[in-house]
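Okay, structure first, notes after.
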Number of protein chains: 2
Amino acid sequence: MLKKERHDFIMRQINLHNRVLTSDLVQLLAVSEDTIRRDLQELVDEGKLFKVHGGALSKSYHSSFDDSTVYARDSKISIAKKATSLVKDGMVVLTGGGTTILEFVKQLPQNLEATFFTISPLVAVELAKYDNIEVILIGGLFSKNSQITYGGQVITQLSEIKADLCMMGTSAIHPSDGLTDTYWEINQLKKAMIACSKKTAVLCISEKLDISLRLKVCPIENISFLITELDEAHDALAGYRVKELNIL
Amino acid sequence: MLKKERHDFIMRQINLHNRVLTSDLVQLLAVSEDTIRRDLQELVDEGKLFKVHGGALSKSYHSSFDDSTVYARDSKISIAKKATSLVKDGMVVLTGGGTTILEFVKQLPQNLEATFFTISPLVAVELAKYDNIEVILIGGLFSKNSQITYGGQVITQLSEIKADLCMMGTSAIHPSDGLTDTYWEINQLKKAMIACSKKTAVLCISEKLDISLRLKVCPIENISFLITELDEAHDALAGYRVKELNIL
DNA sequence: CGTGTTTATGCGGTTTTGTGCAATTTAATG
DNA sequence: CATTAAATTGCACAAAACCGCATAAACACG
């Protein structure tokens, strides 16, 4: 087994389970602990994962539970500012939840006149601060982890609306695998959100680029805008330059 | 389980409940008390939480503790505590919005097992901190003033549920005029909420007693419980002592 | 081909880290 | 102020990580 193959194998495990134990890898790959450790160290150097005593964790996993209040806030603000340029007076916008979306809402121009549908109570509360925005909160089961509504009722309601633009956060995006997610319910939700919107914008911190998770939401061709904190000419975005997708 | 994973788990619990008990963590994570204590100590060193005898508290909780500025907070807490006695395991509860209801939710027992419907996003977020409570947020137009959902869609959804108990705040209550309100939409909403619940409890600061507003919601006979910060034998409650209405 | 160089891997010994146990000290409560 | 629960401390042990070295395969080049 070649080193590169081992690395790929490890990354697949990480993306699948968010974690991996050194001892497991020793067994699965039938090499010595030292080799595994060196492999992990190299992947760390490439910035692809996070090493801990006993194994390694995925980067996204790490970031999602860390103090999300401050984590990568600057990047998120810069993404949010770019995103506001897509919203014009009179639009009907559908939003998901998450800190990036919340930041986007905070950056909206004060006098914007628009209609917003959202599945996030926190986003709704934030939107309510704008006088000329009509806010419709889509109700349903409330998820304790992601602080959004989900489930069949939400999907049904989504099927009844037609939005000009859908703004959503990302778990992972990959040039060939497209938008992916770990949880079935969230996956279904995102599909429904994209389906009921004319255009979809994905707000995405650069570290979530080139990652794919278990469940596929849609190919990148189904997305209209990819918004990251990077400059639009940045190399990391090369794989995403397809006709349908505008990068900003 | 890796140490980092435990730390993340603990932080999730803290963010969810604002608090965590050492003994609970010992059970949930299946490690010794010592390990948990060391974990907590390390998180303290990282400045992520606040350690106390018996467990730990969230930092934000500690700092935002002095919201004694909130109007009549003591009265509302005392009302909230009384109100929790009405909720039993297995119940389906419907709640409105407002600071009194929010306080009520905060006072619920940690291990309560129940289903809550609510029209208030803030209440939903607070309820989500309880592991064994299922939260359903009723969606619709979002009111900027009262921070609740309202409108036809909400009423339709309410007509489809059947709750054991409805908890609502009060604008005004009067012995002969009953429950009244100023706004048409809120009035309709309250009617619908009462209609779909077997019993209704009204949480009411004493200063809202003996007031009547323009629009009538229902007579006091349609309410099952009136909860104020006053002693149940207090004179101010004399006019409300009717057969159907329990005062506490 | 041979020889020197790089790269990948494994092995032994040492150091660090994580965890639990027992004894003691400290806090909470009636 | 006595009783109990929780926290602290020091210690022991095992697992994991680290370091240096040896080996060998892959590669480069005259």
Side-chain angles (χ1 to χ4, degrees), chain A residues 1-59 61-67, chain B residues 1-59 61-63 65-66 77-78 81 84 106-107 109-111 131:
Chain A
M1 161 106 37
L2 268 35
K3 190 161 77 141
K4 183 82 178 76
E5 291 180 295
R6 278 204 315 275
H7 284 198
D8 288 346
F9 182 88
I10 292 172
M11 285 315 296
R12 218 167 37 244
Q13 292 291 316
I14 287 268
N15 287 335
L16 229 52
H17 304 118
N18 277 332
R19 66 180 284 221
V20 73
L21 302 181
T22 312
S23 53
D24 287 357
L25 289 174
V26 168
Q27 292 221 334
L28 289 166
L29 298 170
V31 288
S32 76
E33 284 198 356
D34 301 71
T35 303
I36 293 298
R37 239 176 252 117
R38 270 184 282 251
D39 285 343
L40 292 179
Q41 188 54 52
E42 283 158 29
L43 290 167
V44 167
D45 294 343
E46 293 171 38
K48 292 188 178 169
L49 48 75
F50 192 96
K51 203 149 151 297
V52 295
H53 196 93
L57 298 171
S58 113
K59 269 200 139 184
Y61 172 82
H62 168 66
S63 57
S64 66
F65 290 129
D66 211 12
D67 45 337
Chain B
M1 162 102 47
L2 300 165
K3 189 165 77 141
K4 180 86 178 91
E5 291 183 300
R6 277 203 316 274
H7 285 196
D8 287 340
F9 182 89
I10 293 171
M11 285 315 296
R12 202 161 63 233
Q13 291 292 314
I14 287 270
N15 289 334
L16 238 48
H17 305 310
N18 279 331
R19 63 185 280 244
V20 72
L21 303 180
T22 311
S23 52
D24 287 356
L25 289 174
V26 168
Q27 292 222 334
L28 288 166
L29 297 169
V31 289
S32 76
E33 284 197 357
D34 303 69
T35 302
I36 293 298
R37 252 183 233 110
R38 267 185 285 251
D39 285 342
L40 292 179
Q41 188 55 52
E42 282 159 31
L43 290 167
V44 166
D45 294 342
E46 293 172 38
K48 291 185 178 170
L49 49 76
F50 185 58
K51 202 150 152 297
V52 294
H53 197 92
L57 297 172
S58 127
K59 269 202 139 184
Y61 175 78
H62 185 64
S63 57
F65 189 74
D66 59 333
I77 289 178
S78 114
K81 281 188 177 156
T84 58
K106 287 182 183 169
Q107 299 292 336
Q110 197 51 232
N111 55 347
D131 289 330

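Just so you know, these numbers use all the heavy atoms, side chains as well, and skip hydrogens, waters and symmetry mates. So that the names make sense, note that chain A is the first sequence line, chain B the second, and so on, each numbered from 1.
Atom pair A/E5:CD and C/dT9:P shows a separation of 11 Å (rounding to whole Å applied). When the P atom of C/dT17 is taken as reference, atom NZ of B/K4 falls 17 Å away, rounded to whole Å. As a whole-Å value, the separation of A/R37 CZ from C/dA8 P is 18 Å. Across the protein-nucleic acid pair, B/M1 atom CE and C/dT19 atom P stand 11 Å apart, rounded to whole Å. The NZ atom of B/K3 sits 7 Å away from the P atom of C/dT19 (whole-angstrom rounding).
In this structure, B/K3 and A/V52 have side chains that are not in contact, with every pair of non-hydrogen atoms separated by 4.5 Å or more.
Taking CG from A/N18 and CG from B/D8, the interatomic distance works out to 10.5 Å, rounded to the nearest 0.5 Å. Rounding to the nearest 0.5 angstrom, the gap separating the CZ atom in A/R6 from the CG atom in A/L43 is 10.0 Å.
In this structure, A/T22 reaches the sugar-phosphate backbone alone: every heavy-atom distance under 4.0 Å involves primed, P, OP1 or OP2 atoms, never a base. Counting any heavy atom pair closer than 4.0 Å across all strands shown, A/V26 reaches no nucleic acid atom.
When DNA chain D is scanned in the 5' to 3' direction for atoms under 4.0 Å from non-hydrogen atoms of chain A, the outermost contacting nucleotides are D/dA16 to D/dC19.
Summarising the geometry of A/K51 relative to A/R37, their closest heavy-atom pair is CE-O, 4.1 Å, with the distance given to 0.1 Å. For the pair A/I14 and A/S58, the tightest heavy-atom approach, listed with the atom from each and the gap, is CG2-CB, 3.3 Å. When all heavy atoms of B/Q107 and B/K81 are compared, the closest pair comes out as OE1-CE, 3.4 Å. In plain terms, the two heavy atoms of B/L2 and A/H53 that are nearest each other are CD2-O, 3.3 Å. What you find for B/A56 and B/L40 is that their closest heavy atoms are CB-CD2, 4.1 Å.
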- [ ] Sugar-phosphate means primed atoms, P, OP1 and OP2; the rest is base. With that split, encode nucleotides 20-26 of chain C 5' to 3' as B, S or - using protein heavy atoms under 4.0 Å.
- [x] BBB----
